[in-house]
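Please read the structure below before turning to the comments.
Reckoned from all heavy atoms, side chains included, excluding hydrogens, waters and symmetry mates. We count ligands from 1, going down the list as the structure has it; atoms in each ligand are counted the same way.
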Amino acid sequence: MAEQEIAVETRKLMRTFGSVETVHALDGVDITIRAGEYVAVVGPSGSGKSTLLNMLGALDSPSSGDVLISGKSLGAVRNLDRFRSKTIGFVFQMHNLIPTLTALENVAVPLYESSMRKSERRLRAEELLVLVGLKHRLTALPSQLSGGERQRVAIARALANEPTIVLADEPTGNLDSKNTAAIMALLDELNRTQGTTLIVVTHNTHSANMARRIITLRDGKVVSDIVPKDVYERDLIEFRQSGLGQALVEENQVPEELTEIAPALGELLRKV
Ligand SMILES: Nc1ncnc2c1ncn2[C@@H]1O[C@H](COP(=O)(O)OP(=O)(O)OP(=O)(O)O)[C@@H](O)[C@H]1O
Ligand SMILES: [Mg+2]
């Protein structure tokens, strides 16, 4: 992990709005996210979550401070549109699909910037719709799809250019709990199988707990940056099942210092 490439970094990131009544939407945010991480961003309404995501995606510029994507400062990027479309995929709460285009055509939209031929674009869009479980709805218009299906199309579109980073702002905000779970499972799978760095803003505690790291904002500041408890438990169970974990339990040799650092580890390892 330690030497893994840094995907996203912010340095003393500030964004203020307004001149009469100044709002400090982001007030000195320093975060580092490594390639392949799955991070949830949570916090009260108005805490700066969307502002942060917009900054990371170069949709907005800092008042001061810096955003680095894969080590490169966004301030130094010459063609931001091109950089954005090659590197970053966006999924918004309002899916922003084009109503007059089919699912397939919507997914193919970002591919027009590539040098792909029409047949290649079609094939790629089709592959992506298969990936998100919409093989049977290729020619449906957005109005003919359910909310969850529309959001799947939006995710497929976000992935079209094979972005290394996917930014999702409340991607399940207007979905019921069943569709929310399905979309979150899909994002989780993309992160695990494709290694996509995933940053998801969510109000939903259950969705946040699916991430491997939760960053909480309040008044434009990072107030906590934690690994959810069940991720520790998942890691502990994996360790318990590993060769070393099994050997330690069999020989009843859970090292003292290990149980001191993580009491749950000792407890878990002793449960045979
Ligand atoms: N374009 C803008 N002009 C003025 N103020 C803005 C603008 N965009 C955001 N703000 C202010 O910045 C603060 C942070 O807004 P932001 O949209 O980032 O919050 P959020 O955490 O995403 O909230 P929510 O959960 O409601 O989506 C808020 O006080 C908001 O009113
Ligand atoms: Mg928001």
Side-chain angles (χ1 to χ4, degrees), residues 7-33 37-69 74-75 80-81 84 88-97 147-148 150-155 157-158 163 165-177 179-181 183-184 186-188 191 196-226 228:
V8 174
E9 192 177 350
T10 67
R11 293 184 184 160
K12 297 191 173 54
L13 186 62
M14 311 275 274
R15 178 66 167 109
T16 50
F17 290 108
S19 49
V20 184
E21 281 186 3
T22 310
V23 177
H24 296 279
L26 292 178
D27 194 4
V29 170
D30 289 289
I31 50 174
T32 302
I33 296 172
E37 270 200 271
Y38 176 2
V39 181
V41 178
V42 303
S45 178
S47 57
K49 304 181 298 296
S50 296
T51 306
L52 176 63
L53 227 63
N54 290 343
M55 296 286 159
L56 300 185
L59 293 174
D60 190 7
S61 329
S63 301
S64 67
D66 209 357
V67 176
L68 293 90
I69 302 291
L74 287 182
L80 266 184
D81 285 340
R84 197 187 297 117
I88 295 163
F90 289 98
V91 184
F92 296 101
Q93 174 176 359
M94 302 306 286
H95 47 76
N96 299 335
L97 298 178
R150 283 199 285 263
Q151 205 54 309
R152 283 165 192 270
V153 177
I155 292 172
R157 183 186 53 184
I165 301 165
V166 169
L167 304 174
D169 194 353
E170 300 273 2
T172 60
N174 49 7
L175 299 179
D176 61 21
S177 59
N179 273 304
T180 294
I183 292 295
M184 293 313 293
L186 176 63
L187 290 172
D188 183 56
N191 167 256
T196 314
T197 307
L198 183 58
I199 306 175
V200 182
V201 168
T202 178
H203 269 122
N204 183 315
T205 316
H206 184 71
S207 298
N209 276 313
M210 285 181 75
R212 296 187 68 83
R213 178 175 167 194
I214 303 179
I215 294 176
T216 307
L217 292 182
R218 184 161 299 138
D219 298 330
K221 294 189 175 74
V222 174
V223 291
S224 94
D225 186 346
I226 59 151

* 4.5 Å side-chain heavy-atom contact, V67 and L56 -> yes

* **Numbered atoms of ligand 1 (with element) below 4.0 Å of P44, judged on heavy atoms** => 21 (O)

* Asked: Taking everything shown except N179 itself, do over 12 heavy atoms lie less than 6.0 Å from its CG?
  -> yes

* Please report which non-hydrogen protein atom sits nearest to atom 31 (O) of ligand 1, along with the residue it belongs to and the distance in Å to one decimal place. => V23 CG1, 5.0 Å

* 4.5 Å side-chain heavy-atom contact, N96 and F90 -> no

* Can you find a protein heavy atom under 4.0 Å from atom 18 (O) of ligand 1? -> yes

* Structure fact -> atom 4 (C) of ligand 1 has as its nearest protein heavy atom F17 CB, 3.3 Å

* **Which residue and heavy atom of the protein sit nearest atom 12 (O) of ligand 1, plus the separation** => A25 CB, 3.3 Å

* Asked: Just going by heavy-atom distances, which of G18, S50, G220 is nearest to atom 27 (O) of ligand 1?
  -> S50

* Are a donor atom and an acceptor atom from the side chains of D188 and N191 found within less than 3.5 Å of each other? -> no

* Atoms of protein origin (N, O or S) under 2.8 Å from the Mg ion (ligand 2) -> S50 OG

* Asked: Where do N204 and T202 come nearest, in terms of heavy atoms and distance?
  -> N-OG1, 2.9 Å

* Is the shortest heavy-atom distance from the side chain of L217 to the side chain of V41 under 4.5 Å? -> yes

* Answer with yes or no whether G48 contacts ligand 1, where contact means a heavy atom under 4.0 Å from a ligand atom. => yes

* Determine the sole option in P62, S63, S64 for which the side-chain contact (heavy atoms from CB on, under 4.5 Å) test with T16 is passed. => S63

* To do: Could you pull out, from T51, T22, L26, the option with a heavy atom nearest to atom 15 (O) of ligand 1?
  => T51

* Asked: Is there side-chain contact between D225 and R213, with heavy atoms separated by less than 4.5 Å?
  -> yes

* Asked: atom 23 (O) of ligand 1: which protein heavy atom is closest, and how many Å away?
  -> G46 N, 2.8 Å

* Do Q151 and V91 come close enough that some side-chain heavy atom pair is under 4.5 Å? -> yes

* Asked: Does H203 have a non-hydrogen atom less than 4.0 Å from ligand 1?
  -> yes

* Does L52 reach the side chain of I31, with side-chain heavy atoms less than 4.5 Å apart? -> yes

* Taking atom 26 (O) of ligand 1 as the reference point, the nearest protein heavy atom with its distance -> S45 OG, 2.6 Å

* Asked: Considering distance alone, does some N or O of S47 sit under 3.5 Å from an N or O of ligand 1?
  -> yes

* State, with a plain yes or no, whether a side-chain heavy atom of I183 is found less than 4.5 Å away from one of R152. => yes

* Counting only heavy atoms not in H203, do more than 12 sit closer than 6.0 Å to its NE2 atom? -> yes

* **Protein residue, atom and distance nearest to atom 25 (O) of ligand 1, heavy-atom basis** => K49 NZ, 2.7 Å

